[in-house]
Asks: 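One structure, as structure tokens, below. Some questions next.
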Amino acid sequence: MLRAEVLQAYREVLKATRKSFAGDTQMLKASAKEVRTKFEDNRKVTDELDIQKLINDAREASHFVSTMIVQAKLNDRGGYEVKPSTEHAGATLEVPSEEILKKSA
């Protein structure tokens with residue numbers, strides 16, 4: 001039972017990262033690697049309460065990635081555009097500076 005929940009939580013986090021970072025190969029690879037590492041780091045946890053907490057943490061992470069992360073995309077004019085979707089309704093938007101965006105490109 002717990003194994004199925006762990007696998008479902010793992011898939012949920014990966015799905016959230018694939019959606020949030022769609023079109024950004026570098027972030028897709030890095031986020032998938034990070035998710036895998038986090039789950040591998042906890043592979044030997046055997047206490048059911050600890051496992052349940054880790055599952056809840058993964059679900060919270062999935063929700064956070066889905067609702068709080070919006071990628072800025074470079075437009076034709078050389079600026080960046082952010083297009084939040086309905087999942088982001090009610091979230092506070094923090095717009096990074098041009099300097100930060102240029103460093104990440």
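What you see is a predicted model; the values in this text were computed from it and never measured. Atom set for the values below is all heavy atoms of this structure, side chains included, hydrogens, waters and symmetry mates excluded.
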Asks: Determine, stepwise, if the pair Phe39 / Val6 fulfils side-chain contact (heavy atoms from CB on, under 4.5 Å).
Replies: CA-CA 9 Å; Phe39 275 79; Val6 169; 4.0 Å; yes
Asks: Going through the distances and angles, do Gln52 and Leu2 end up as a side-chain contact (heavy atoms from CB on, under 4.5 Å)?
Replies: CA-CA 8 Å; Gln52 197 60 54; Leu2 277 179; 3.5 Å; yes
Asks: Where the side chain of Ser62 meets the backbone of Glu12, is there a donor-acceptor pair that is under 3.5 Å apart?
Replies: yes
Asks: Treat each ILVMFWY residue as a node, draw an edge where side-chain heavy atoms are under 4.5 Å apart, and state whether Phe64 and Leu54 are in one component.
Replies: no
Asks: Do Leu7 and Val45 belong together in a cluster built from hydrophobic side chains that touch within less than 4.5 Å?
Replies: no
Asks: Tell me whether Arg43 is salt-bridged to Glu40, with the criterion being a basic N under 4.0 Å from an acidic carboxylate O.
Replies: yes
Asks: What distance separates Asn42 CG from Lys38 NZ, expressed to the nearest 0.5 Å?
Replies: 8.5 Å
Asks: Could you tell me whether the side chain of Thr17 reaches within less than 4.5 Å of the side chain of Glu34, counting heavy atoms only?
Replies: no
Asks: Roughly how far, to the nearest 0.5 Å, is the CE atom of Met27 from the OG atom of Ser20?
Replies: 9.5 Å
Asks: Examine distances only and state if a side-chain atom of Thr37 and a backbone atom of Lys33 form a donor-acceptor pair shorter than 3.5 Å.
Replies: yes
Asks: Does any part of the side chain of Arg59, heavy atoms only, come nearer than 4.5 Å to the side chain of Glu5, both counted from C-beta?
Replies: yes
Asks: When you look at Arg36 and Tyr10, which way does the side-chain contact (heavy atoms from CB on, under 4.5 Å) test go after all the steps?
Replies: CA-CA 8 Å; Arg36 177 71 180 215; Tyr10 179 74; 3.5 Å; yes
Asks: Give, for atom CD of Glu60 and atom NE2 of His63, the distance between the pair rounded to the nearest 0.5 Å.
Replies: 9.0 Å
Asks: Tell me, do Val65 and Val13 make a side-chain contact under 4.5 Å, heavy atoms counted?
Replies: no
Asks: Is it the case that the side chain of Asp50 and the backbone of Thr46 share a donor-acceptor pair, with hydrogens and angles ignored and the cut-off at 3.5 Å?
Replies: no
